[in-house]
Asks: 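Starting off with a structure, shown below.
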Amino acid sequence: MTSHGSSATPYRFSAAGAASRPRFIGSEIYRSSSYGAHHPLAIPRVSTCIDLCRALGWLPGEVYIDSPRATPAQLARFHTPDYVSALLEAERTQRVSPDARRRFNIGCNGNPVFPEIFRRPATACGGSIEGATLLRDGGTVYNPAGGTHHGRPDRASGFCYLNDPALAILTLLDDGLARVLYLDVDAHHGDGVQAAFANDQRVLTISVHEAGRWPMSRPTGSDDDRSKREDEGTVTDRAGGAARNLPVPAGFNDSEMAFLLDRAILPLAASFAPEAVVLQCGADGLADDPQSKLGLSNLALWQVVRAAKPLAPRLLVLGGGGYNPWAVGRCWAGVWAALNDFSVPEQLPPAAETVLRRLGWRHSWGRSPPEHWFTTLADDPRPGPIRTEVRDIATRVLAPADGL
Ligand SMILES: [Zn+2]
């Protein structure tokens, strides 16, 4: 395989004309914090991305920002004060009352009480708010801890206690921007962000996700959402014009992602003419991820990142899902390379390989990891046929609302 990306061009230029190197927002809180030994988020993710980028010489001190933690007052821009107080109380006492469990969906349904139940998500939010603030005059910011797209104003959902993308978008709007594009390529529907901006014509949310997967398919007795409509996340669901949804079939491959990018996502983005793009780059649509049946290589997600760069003078890139520690770490380090036009080496240098060899994973797929999970960043491409149902999505998502 050849190396990926063009020759290194370390600087991007913002609309303001100033040299503006992409900035990386991280925190050590993610290294030591875990949702619990048996939770899918027991794995290190952001710390692996940081360690890989440092081992590759891609993360000099001057571009790294230690994430601030959002204050309760900042969180109240989107979340209810009662809910924020409940998270603080759960962190302090390490328990939740039955009433709080029912009202706020914490301590159950994949949203466990853990030692940093307030601090960790509040740090991800602080990073995304900071990122949005730094974009005032243009530029690119990467906060891989962000992307918690299921969080609701008054409760947790799908491992997301808070909703940092919504807070970032609100920050951009409060700064006076009139059009923000939110693009979400996580395997799950970006339902919390879509709901936050439904009927708000200043924000266009585009979500590419696996059809029929949670949160759209709600088995009886699950963490349900009383406000959900039956068509949520389907191609007909446009949230009053503010959303477009691309629910893709199992086995979704790199060629199909490239097709939807060229034939649906980029045309939608061009006609919206955003002043800022917020890209949620969940890595759970990768073939190596156990939480979806999508079949992408990380090259497909890096291509989305590269395509997002010229869409607006401001770009905030977030993480999201990703439940295979090797796949998510390699993918998100490559996202940083794509933002900087760094060449991804075919074979990792020893220091980067050591980062990957030190990881472990309590999953059957983690018992004997393939060698390339240790020695490479780029997956082999996963091309395939462009299926009729994928072509239909592009047609339907671009059609006028009454043409669906
Ligand atoms: Zn996901």
Side-chain angles (χ1 to χ4, degrees), residues 30 35 39-46 48-49 105 109-112 120-121 124-125 128 143-152 155-166 168 182-196 205-219 222-225 228 232-234 237 243 245-252 257 260 278-298 300-301 304-305 317-332 335 361 363 365:
Y30 310 112
Y35 280 40
H39 193 280
L41 286 178
I43 58 168
R45 307 183 325 144
V46 174
T48 306
C49 175
N105 200 31
N109 294 322
N111 311 310
R120 175 172 162 157
C125 289
S128 291
N143 177 27
T148 53
H149 58 169
H150 300 306
R152 297 295 175 139
R155 71 201 153 75
S157 178
F159 316 161
C160 303
Y161 297 84
L162 299 169
N163 193 318
D164 69 278
Y182 173 75
L183 173 58
D184 184 323
V185 294
D186 190 282
H188 302 91
H189 178 220
D191 60 342
V193 185
Q194 175 177 314
T205 65
I206 301 177
S207 177
V208 181
H209 49 269
E210 186 177 347
R213 180 159 297 283
W214 189 95
M216 192 212 75
S217 55
R218 287 153 289 153
S222 75
D223 157 26
D224 71 335
D225 178 345
K228 263 183 202 305
E232 190 153 329
T234 67
D237 173 19
N245 282 294
L246 292 78
V248 299
F252 184 57
M257 178 63 104
L260 289 182
V278 177
L279 171 59
Q280 197 271 19
C281 210
D284 47 5
L286 298 177
D288 287 337
D289 192 282
Q291 296 273 351
S292 83
K293 291 190 163 58
L294 304 185
L296 299 172
S297 77
N298 55 24
L301 295 186
V304 172
V305 172
V317 180
L318 309 173
Y323 304 97
N324 170 334
W326 290 284
V328 67
R330 291 163 64 245
C331 180
W332 288 354
V335 166
W361 188 24
H363 188 280
W365 294 6

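Each ligand, and each atom within it, is numbered from 1 in the order the structure gives.
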Asks: Side chains of Ser157 and Trp214: does their closest heavy-atom pair fall under 4.5 Å?
Replies: yes
Asks: Hey, which of His209, Arg213, His150, Gln194 is the one that makes side-chain hydrogen bond (donor to acceptor under 3.5 Å, both in side chains) with His189?
Replies: Gln194
Asks: How far does CD of Gln280 sit from OH of Tyr182, to the nearest 0.5 angstrom?
Replies: 4.5 Å
Asks: Can you name the side-chain hydrogen bond (donor to acceptor under 3.5 Å, both in side chains) partners of Thr48, sequence neighbours left out?
Replies: none
Asks: Report the relative orientation of the aromatic rings in Trp361 and His363; use parallel for angles under 30°, tilted for 30 to 60°, perpendicular for over 60°.
Replies: parallel
Asks: May I ask you to list the protein N, O or S atoms found at less than 2.8 Å from the Zn ion (ligand 1)?
Replies: Asp186 OD1, His188 ND1, Asp284 OD2
Asks: Under a 3.5 Å threshold, yes or no: a donor from one side chain and an acceptor from the other, between Asn143 and Ser128?
Replies: yes
